[in-house]
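Protein chains get the first letters and strands the later ones, always in sequence-line order, with residue 1 at the start of each.
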2 protein chains.
Amino acid sequence: MLSERQMMILRAVVRDFTNTGVPVGSKALAKQLPIHVSSATIRNEMAALEEQGLIKKTHSSSGRIPSVEGYRYYVDHLVKPDPLQPNDMDVIQSSLGGDFHKIDEIISQSATILSNLTSYTAFTLKPELKDARLSGFRLVPLGRRQVMAILVTDGGDVENQTFDVSEDVKGDQLEAVVRLINDQLVGLTLPEVIKKLQLDIPAQIANYLQSPTGFLDIFGDVLTRAAQERFYVGGRLNLLNFSQDSDVDSLKSLYSLIDQSDDIANVLGQPSDNISVQIGNEMTNDALRNYSLITATYDVDQHGKGMIAILGPTRMPYSRMLGIVGAFREELAKKLLDYYRFYDE
Amino acid sequence: MLSERQMMILRAVVRDFTNTGVPVGSKALAKQLPIHVSSATIRNEMAALEEQGLIKKTHSSSGRIPSVEGYRYYVDHLVKPDPLQPNDMDVIQSSLGGDFHKIDEIISQSATILSNLTSYTAFTLKPELKDARLSGFRLVPLGRRQVMAILVTDGGDVENQTFDVSEDVKGDQLEAVVRLINDQLVGLTLPEVIKKLQLDIPAQIANYLQSPTGFLDIFGDVLTRAAQERFYVGGRLNLLNFSQDSDVDSLKSLYSLIDQSDDIANVLGQPSDNISVQIGNEMTNDALRNYSLITATYDVDQHGKGMIAILGPTRMPYSRMLGIVGAFREELAKKLLDYYRFYDE
DNA sequence: CTTAGCACTTGTATAGTTTGAGTGCTAAAA
DNA sequence: TTTTAGCACTCAAACTATACAAGTGCTAAG
């Protein structure tokens, strides 16, 4: 249990350290705190905080820095998100103000904006399409042997892929396949489609094609690609700014982590309704030991929930970042609502 | 004019320095050179080389390192490409041996292989499609308002893009447009298409559509995208390995250079038939001051010429790199010939 | 033309010194 | 019981001094 004063001190330690990067000492705190006590008193309180594992020293006679637990306590109990700078709000409004023609453009742009505002690395994920439904499938012959498969979901997402077919496949065969898929699978959610694809379809498709497997592979391919959550990343290079002492190896592994959609999905974890903060080694992944991750969902009503996140050093100014993330999720949700409203009407 | 012995010394200085990164002194050279002379003699020769601006000191009593001019002389007159390591050849063969279904897959894979072999950053460009011809155009209605435009070249390249149309555009209108384009433009080279697109087409298309501009924009868009040379990049992160003293800013500008297709095309320059080396500030771009670029074309007979390149530190082992690039361009050309032979038959 | 010898330069590494910010503890004051 | 002044102690960082190794240019002799 912390006293009011201890909380005040912990808050000040975190704020100071995240701003300056320098361990903070008792004297500096005494000067700065609103209450009037001597540095010796502060020292006693700091000893108590250290006892509880919330702050620690870098060496035996240094000032204190927050421990992971200290950050945790701060984030859970003490921090108050900064209100957004008017300037930052302008940036959001104008960057998001333009006319977009695809959801993905908005989401991708969002990653850029977020990384600019924070000067960290940002991730964005569009509203989940877990229960998006297949709304259309096309096979378009392109040349003698090439065919493009196109898949559309009811959310307006489009996935496509070109592939080769043996030359003796005729146009009406393709059409039959398309009709089959459209008849049987349209309207189902993507997971349902995948299931059905493995059970019923192969037998039926064999009526039209000698070797149905190739087709099904392709269809399955674009399908999983459509169903996969894909993250946009903004400000990749910002990692370079705060990678202490140019530890090239850990940087590399961090980058390869970021570029693997699966892994990053794993790291970001399940969306909770609130803004959540993961600090340093709270994350299982070793490459993230010195980083913190702020994730938040945004809610676009009946269109589902998406996710935004920023990745920065553990020593990041949480109050400012929480303010930015909080404000941005709102703006993004608004923008998307506008977008859907326009497109659905 | 250099004497035989001076050439020998210059060659040794470059070789030594590129291998070790340490300025090389007269004593080490005397020990290493095949001729039997004292270090004092070497010193005299080195003074002469320095006089001519081919080597320089890092400080008044240090050993010598090659100057840009020294590297140039070495590359132009002294270097002999190393024969490829058998091991390296294995890597190429097996990485390129698989079954590919698209040119782009081969080219993209090539960038990865090259970066692995060299542990630098590699660029690859597929055989130029300057005179690729438009072989097909499709407009596929996807939903109420979405349409996908697909463009195919005779080289088998496919570009596509989805866009929105106002709801009152009817299917037969689309078909008319497609027919128009296919009638008038198929068979022309892409530059010709672009030209005609600005002159003849707008008037004709106005017969079918109230607002033709939207369409033409889209078509122009996919067209330029198809005509644009697109580089594949392999081993981006390798830049981190040899970015001296973690100069974050120059690294960032280098990365943004790499990620801008236009810029990098500019840097790589016009394809010459040979392997060419650009050293440090010979390149106009400031971000490349401490880097060297080896570019080479590869020739796929009637299918045109493509390009490969590697970007590494100015102090790179040129003989080995030239060997790798030289061997790789051959292998890639062979592979592509195989590919085309299979596909054209 | 070559080379041994030598004085001189410079970066790097090591060890010692100083300084300053900070701590814990004690004992007196509140 | 809590606060505070005072003090001895610790440690990183900055600076200084010293030694060392690798290298150079130059001179004079071979």
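- For DNA chain C, none of the residues of residues 7-19 of chain A falls under the heavy-atom distance limit of 4.0 Å.
- We find that CD of A:Gln6 is positioned 12 Å from P of D:dT2, with the value rounded to whole Å.
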Less than 3.5 Å apart, which donor and acceptor atoms pair up between the side chains of residues 27-38 of chain A and the rest of the protein, not counting sequence neighbours?
residue : atom : partner : partner atom : Å
A:Gln32 : NE2  : A:Asp16 : OD1          : 3.2
A:Ser38 : OG   : A:Ala40 : N            : 3.3
A:Ser38 : OG   : A:Thr41 : N            : 3.4
A:Ser38 : OG   : A:Thr41 : OG1          : 3.4

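- For the side-chain hydrogen bond (donor to acceptor under 3.5 Å, both in side chains) test, residues two or more places apart in sequence or in another chain that qualify with B:Asn241 are A:Lys252.
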Give me, pair by pair, the N or O atoms of the protein and of nucleotides 20-24 of chain D that are less than 3.5 Å apart, along with how far apart they are.
residue : atom : partner : partner atom : Å
D:dT24  : OP1  : B:Arg64 : NH1          : 3.2
D:dT24  : OP2  : B:Ser26 : N            : 3.2
D:dT24  : OP2  : B:Ser26 : OG           : 2.6
D:dT24  : O3'  : B:Lys57 : NZ           : 3.4

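- A side chain to side chain contact (heavy atoms under 4.5 Å, CB included) with B:Pro23 is found for exactly one of B:Val13, B:Thr58, B:Ile55, namely B:Thr58.
- Bounding nucleotides for the chain B contact on DNA chain C, 5' to 3', at a heavy-atom distance below 4.0 Å, are C:dT2 to C:dG11.
- Of the residues near DNA chain C, B:Ser39 and B:His59, the one whose nearest nucleotide (by heavy atom distance) lies more toward the 5' end is B:Ser39.
- Side-chain contact, A:Ser110 with A:Thr124: no donor N or O sits under 3.5 Å from an acceptor N or O.
- The shortest non-hydrogen separation linking B:Ala122 to B:Ser115 is CB-N, 3.7 Å.
- Residues forming a side-chain contact (heavy atoms from CB on, under 4.5 Å) with A:Ala296 (at least two apart in sequence, or on another chain): A:Ile275, A:Ile308, A:Val325, A:Arg329.
- Residues satisfying the side-chain contact (heavy atoms from CB on, under 4.5 Å) criterion with B:Arg11, sequence neighbours excluded, are B:Tyr74, B:Leu78.
- Under the 3.5 Å distance criterion, with hydrogens and angles disregarded, a donor-acceptor pair is assigned to the side chains of B:Tyr318 and B:Ser292.
- Residues that satisfy the salt bridge (Lys or Arg N to Asp or Glu O under 4.0 Å) test with B:Asp259, not counting sequence neighbours, are B:Arg236.
- Residues satisfying the ring pair (Phe, Tyr, Trp, His ring centres under 6.0 Å) test with B:Tyr73, not counting sequence neighbours, are B:His77.
- For residues 272-284 of chain A, the salt bridge (charged side-chain N to carboxylate O under 4.0 Å, His left out) pairs, not counting sequence neighbours, are A:Arg72-A:Glu282, A:Asp273-A:Lys305.
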Detail all sub-3.5 Å separations between protein N/O atoms and N/O atoms belonging to nucleotides 13-16 of chain D.
none

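- Of the residues listed (A:Glu69, A:Gln6, A:Met1), the one engaging A:Gln52 in a side chain to side chain contact (heavy atoms under 4.5 Å, CB included) is A:Gln6, and it is the only one.
- Sorted by first and then second residue, the pairs that involve residues 32-54 of chain A and meet salt bridge (charged side-chain N to carboxylate O under 4.0 Å, His left out), not counting sequence neighbours, are A:Arg5-A:Glu45, A:Glu50-A:Arg64.
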